[in-house]
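Data first, discussion second: the structure below is written as structure tokens.
Naming: A, B, ... by sequence-line order, numbering from 1 per chain.
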Amino acid sequence: MNKYRTHNCNELMQDNSEQEVILSGWINKKRDHGNLLFIDLRDNYGITQCIIDKSNENFKLLEKIQLESVIKVNGKVVKRSADTINSELKTGEIEVDINSFEVLGTCKELPMPVFSDQEYAEEIRLKYRFLDLRRKKIHDNIILRSKVIAFIRSEMFKLGFLEFQTPILTSSSPEGARDFLVPSRLNPGKFYALPQAPQQFKQLIMVSGFDKYFQIAPCFRDEDARADRSPGEFYQLDMEMSFVEQEDIFQVVEKLIVNVFKNFSSKKLMKEKFPRIPYDESMLKYGSDKPDLRNPLIISDLSNIFTREDVTFEIFKKLVKSGSKVRCIVTKNTKEKPRSFFDNIDKWAKEQGASGLAYFTIEKNENISAKGPVGKFFSKEALEAIMKITGAEVGDSIFFACGKINDVEKITSQARDKIAKDLDLIDENIFAFCWIVNYPMFEKNEVTSKIEFSHNPFSMPQGDIKNIDFENPLNIKAYQYDIVCNGIELSSGAIRNHVPELMYKLFSIAGYEKAQVDEKFSGMINALSYGAPPHGGIAPGIDRIVMLLANEKNIREVTMFPMNQNAQDLMMNAPSEVNEEQLKELGLALKLKK
RNA sequence: GGGGGUGUAGCUCAGUUGGUUAGAGCGAUCGCCUGUCACGCGAUAGGUCGAGGGUUCGAGUCCCUUCACUCCCGCCA
């Protein structure tokens, strides 16, 4: 018999009454009646109420023990009387009458209470993460994460995928995020990089003939944090398949995601076959390539309206003439909304750094007219044209933004979220997935005017390889796709370019010489010239999937030992300084900015 | 790199127009209490008001600088 316990803290029931048992766990809560003491004993599985009174020689000792101490109790299971049953607890029909106890782990005065639903400052939670993780909500989140990952593994094996590990110490790559660098002792002056993703390795696995690969892969990117983005490291369900087209990958991933979300959440899926939205359409209708499809608001382009003679909104007309765009959002039946509703949104837009949002409400007395600060600038015919383009009806309001296309996309995208929130249009009990497809292969850097890869340089361009229009690279689309859920980017993937000549050509457009490509991507470009199968894949973010399933807004709530916003681990004191010897051995000297 | 929010007891927070000795709940310590499950009751301890500087007869409160945490922009193929 195990010396610490005969049962865990969640399994004793009426059937066990009169049994002598041993339980071990943390003291979750004490209720001391002076001559009678209740102790809620907690372990990973649940809580059992234990009881002792002054007739027991241990009573005085047990009374004094700190919460969160670890103790072992020997006692007898007794049925509770009907009026003392606690229906909140699985073990609420019984209690353990303590005979003797032993302290297994003492506990100092707590820096933060464990048994409480209160929220605490992030700093203290992270410093004492081992205490924070005892708290029910986050404890359950971490267990959920484990179950989700186990489920995904099992589904992937069922689908015929093989799991492989890829190197953590690898080479730095010029594209993408900043790398974490690791100095090499045996090769002074040279550095490994931690992988931003196992991108090249998984393609090499395909070239090696393994057909279907997956991995719950750690990825490292040295970029600044956000609520849904851990600094430093995160996990992807990395996968790759040979001899597939885009649609084959969609089939596999849709099935997997639908299974996972149905299994681990009671929320409904808006559609089980995810809508496929071309990138250009998404940018127009939602102003973003990660639209929240729970939000019914749609953006329309009204630039042409501002070239009409019977529209006299001169500021916008002037901007449109010089190449700016006008985009708008229609809100249904908002004519009764107070002036403050509209002004707040305009004020909010200014706070976001935009020049504000113009608005009016469509009315009809004898004729169609527009009510609002800028309503007078629009003729009846112009309003009818706007209504035709946007689908707006009498009683609806229209918000306008004007600016350079990137700026106007950004502010209308944010306004779409903001207005929907203000009008309470978003159903929180839905997961709305979609595929964003047909990404452009290249984009122009606004600052340098150089052509750059817009996503993944290894993606296959669309169309007949022999007839791709390399003269107009910005028109080339790629077999590149993202999954988006409720406005959160869950993953991106692509059909890869497995043709070396084509790869060199695309890299040359982005300003890379052949020799540079050979050097920077030596492993892969070399492999592609020794019989590479057509292949493609995707890499859904595990942390974000669990975050959605756990209904959390912050990724730290589903990460066991996260770092803070400045990429510091407050519990382990990482990163830390190293001593002179270590630096010397690596051939490094520090030259810090003061 | 830039912008916003927060910072008062171990924890969560209140603190009025600048005005006496900075408060509450939880936690801790001590005492009372035999059916609680957020047990109850009483008492005690606990404060560099994030730090530094300034204005003022007087600063938790106003001003400047700075630090920490956090959210956002940039960044994240």
Per-nucleotide protein contact string for nucleotides 69-76 of chain B, where B marks a base within reach and S marks sugar-phosphate only (heavy atoms under 4.0 Å, - for neither) = SBBSBBBB
Just distance, no hydrogens or angles: give the donor-acceptor pairs under 3.5 Å from side chains in residues 115-124 of chain A, sequence neighbours left out.
residue	atom	partner	partner atom	Å
A:S116	OG	A:Q118	N	3.0
A:S116	OG	A:Y120	OH	3.0
A:E122	OE2	A:R556	NE	2.7

Electrostatic pair A:R135:A:D132 at N-O distance under 4.0 angstrom = yes
Would A:H33 count as stacked on B:C33 if the rule is ring centres under 5.5 Å and plane angle under 30°?
-> no
Residue set satisfying salt bridge (charged side-chain N to carboxylate O under 4.0 Å, His left out) with A:E93, at least two apart, ordered chain then number -> none
Hey, does A:P113 reach any base, or is it just sugar-phosphate, or nothing, if we go heavy atoms under 4.0 Å?
-> sugar-phosphate
Using a heavy-atom cut-off of under 4.0 Å over every strand shown, decide if A:E452 touches base, sugar-phosphate, or nothing.
-> nothing
How is A:S173 classified with respect to the nucleic acid when contacts are heavy atoms under 4.0 Å: base, sugar-phosphate, or nothing?
-> nothing
Only one of A:K477, A:Q462, A:Q246 passes side-chain hydrogen bond (donor to acceptor under 3.5 Å, both in side chains) with A:N438, and that residue is A:Q462
Residues that A:V103 engages under side-chain contact (heavy atoms from CB on, under 4.5 Å), provided they are two or more places apart | A:I65, A:I71, A:F101, A:T106
Any A:K29 side-chain N or O less than 4.0 Å from OP1/OP2 of B:G27 | yes
For A:I426, does its backbone N or O pair with a side-chain atom of A:R294 as donor and acceptor, under 3.5 Å?
-> no
Report which part of the nucleic acid A:L110 touches: base, sugar-phosphate, or nothing (heavy-atom distance under 4.0 Å, all strands).
-> sugar-phosphate
Minimum-distance nucleotide (side-chain atoms of A:D40 versus B:G35, B:C11, B:C37) | B:C37
For RNA chain B, the residues among residues 66-84 of chain A that have a non-hydrogen atom under 4.0 Å from it | A:Q66, A:R80, A:T84
Just checking A:L89: base, sugar-phosphate only, or nothing, at a heavy-atom cut-off of under 4.0 Å?
-> nothing
Pairs meeting criterion ring-ring contact (aromatic ring centres under 6.0 Å, His included) with involvement of residues 32-72 of chain A, two or more places apart | A:H33-A:F38
Phosphate oxygens OP1/OP2 of B:C39: is one of them under 4.0 Å from a side-chain N or O of A:R31?
-> yes
Return the orientation label for the A:Y439 and A:Y279 ring planes: parallel under 30°, perpendicular over 60°, tilted otherwise.
-> tilted
Distance, rounded to the nearest Å, where A:I124 contributes CD1 and B:U6 contributes C1' | 15 Å
Take the protein atom CD of A:E109 and the nucleotide atom P of B:U29, then report the distance between them rounded to whole Å.
-> 7 Å
Here the distance between atom C1' of B:G31 and atom CD of A:E63, to the nearest Å, is 11 Å
Remember a base hit wins even if backbone is also touched, and classify A:Y120 as base, sugar-phosphate or nothing at under 4.0 Å, heavy atoms.
-> sugar-phosphate
A:E63 atom CD, neighbour heavy-atom count above 12 within 6.0 Å | yes
Distance in angstrom units between A:Y128 OH and B:G27 P, rounded = 19 Å
